[in-house]
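Data first, discussion second: the structure below is written as structure tokens.
Every chain is numbered from 1, with letters handed out A, B, ... down the list of sequences.
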There are 2 protein chains.
Amino acid sequence: MEIRTLCLGILALGDATGYEIKKMVAEGSFSFFSEASYGSIYPALTKLTEEKLIDCRAEQQEKRPDKKVYSLTPDGRKVLEKALTKDPGPDRNRSEFLAALLFAEAVAPTRVSDLILDRIEQHDEKITELSALLDYNSPDSASNFVIEYGIAIQKAAKKFLTTHKDRLR
Amino acid sequence: MEIRTLCLGILALGDATGYEIKKMVAEGSFSFFSEASYGSIYPALTKLTEEKLIDCRAEQQEKRPDKKVYSLTPDGRKVLEKALTKDPGPDRNRSEFLAALLFAEAVAPTRVSDLILDRIEQHDEKITELSALLDYNSPDSASNFVIEYGIAIQKAAKKFLTTHKDRLR
DNA sequence: CCACAATATATCAATTTGATAGTAACGGTA
DNA sequence: TACCGTTACTATCAAATTGATATATTGTGG
């Protein structure tokens, strides 16, 4: 997904500043399946505003710099709808852990079980973190669906590692 | 994982050309947890060669351009071992599917179940694809471990979607 | 026989990252 | 009270990376 569509989509869920978009992507319910940096978000918002796909209103705040709050325009909504008719591309996963595992077997085999044990712990942390994002007020929302999907994946990964951790000796 | 380390690690598993590295990353057992393009692989190989971390020998071939076969040097091996002592960073996953699901609920709710049904099929394809990569001659290799990990994740994702597909109506 | 895939190297504009900078309030702690 | 780290906000930029494309030859299915 291009940053453009990501911004459009997030704004379809509610108005937001660039900072808030970044936060959702880095810490919120988007964090485990999306990434974007300021260097891509801000230019995207500027360009989308020029194209009238989003609106920008400056909200004054006492003793703080103005907030630039962006919201989707009807045109932007159309463009988003159009983008969503296309098949989503395949997932792109990068795992330093799996690469390290593969390489460690070749050059530092004693490292392998450390790697796996650490990773199992990290899954527990991630599961706790994701569970905290669940919203019990709207149990059947897409947001909860996506978070529970994330939890299911984390649990499956943990289970695989726990079951097979002694295989690589 | 930096491209540099990725190249070093792949060469630790055996000599290879830039083309072969790209192929492993795009189609082989690395395909579901790593990515890299020619534009990053070739410059990385050139730089690593300059730094004497890898060697390059030109293999002549009849009627084809020379193959540049790269191999890890003892120095390169040391650098790789060092890199592997560091904790691997967290996985980075990008899923257009999950983003589309979240956005579709807001702007095109009828699209949601299509998205999920298509995705379930794609998981079946991916499972078949990964299974074909398994090497039955070395059942306990790290390579098979990683592929089976991938299969386990695909199955878990498929199961989640199958179980919960009717929740978002 | 032809179009297309595979083998192989390589480049490049456009995008994206990751780090950093600036500014101000708030919270904890010494 | 002074200091320090964090949160809130916008913004930039060098460096890394992508994705597409070019070039050239052989092998292969229709």
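- Protein atom CD of B:E2 is 13 Å distant from nucleotide atom P of D:dT18, rounded to whole Å.
- The two residues A:T49 and A:C56 have their closest heavy-atom pair at CG2-CB, 4.2 Å.
- Of the inter-residue distances, the one linking A:Y70 atom OH with A:I10 atom CD1 reads 14.0 Å to the nearest 0.5 angstrom.
- At whole-Å resolution of the value, CD1 in B:I3 and C1' in C:dT16 are 14 Å apart.
- With rounding to whole Å, B:E27 atom CD is found 7 Å from C:dA6 atom P.
- Cluster annotation: A:V69 and A:M24 are assigned to distinct hydrophobic clusters (Ile/Leu/Val/Met/Phe/Trp/Tyr, side-chain heavy-atom contacts under 4.5 Å, transitive).
- Residues from residues 88-100 of chain B placing a heavy atom under 4.0 Å of any atom in DNA chain C, listed by number, are B:R92, B:R94.
- One finds a side-chain N or O of B:T17 lying less than 4.0 angstrom from the OP1 or OP2 phosphate oxygen of C:dT9.
- Between the P atom of C:dA19 and the CD1 atom of A:I41 lies a distance of 16 Å, rounded to the nearest Å.
- Closest to the A:Y19 side chain, of the nucleotides D:dT7, C:dT17, C:dT7, is D:dT7.
- Rounded to whole Å, atom C1' of C:dT9 lies 13 Å from atom NZ of B:K22.
- Looking only at side-chain heavy atoms (C-beta outward), B:L101 and B:I116 come within less than 4.5 Å of each other.
- Atom-to-atom, CG of B:L6 to P of D:dT17 comes out at 10 Å; the value is rounded to the nearest Å.
- Between B:Y149 and B:F32, a ring centre-to-centre spacing not shorter than 6.0 Å is recorded.
- The existence of a salt bridge linking A:E51 and A:R4 is confirmed by a sub-4.0 Å separation between a basic side-chain nitrogen and an acidic carboxylate oxygen.
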Report each atom pair, protein N/O against N/O of nucleotides 10-12 of chain C, whose distance is under 3.5 angstrom.
unit_1, atom_1, unit_2, atom_2, d
C:dA10, OP1, B:K68, NZ, 2.5
C:dA10, OP2, B:K68, NZ, 3.4

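- B:F145 places none of its side-chain heavy atoms less than 4.5 Å from the side chain of B:D140.
- Take A:Y42 and apply the ring pair (Phe, Tyr, Trp, His ring centres under 6.0 Å) test, not counting sequence neighbours, and it matches A:Y38.
- With rounding to whole Å, A:L45 atom CG is found 13 Å from C:dT16 atom P.
- We find that NZ of A:K67 is positioned 18 Å from C1' of D:dA11, with the value rounded to whole Å.
- Using a 4.0 Å heavy-atom cutoff across all strands shown, A:S37 reaches at least one base atom of the nucleic acid.
- Each of A:K159, A:K155, A:Q154 was scored for a side chain to side chain donor-acceptor pair (under 3.5 Å) with A:H123, with one residue passing: A:Q154.
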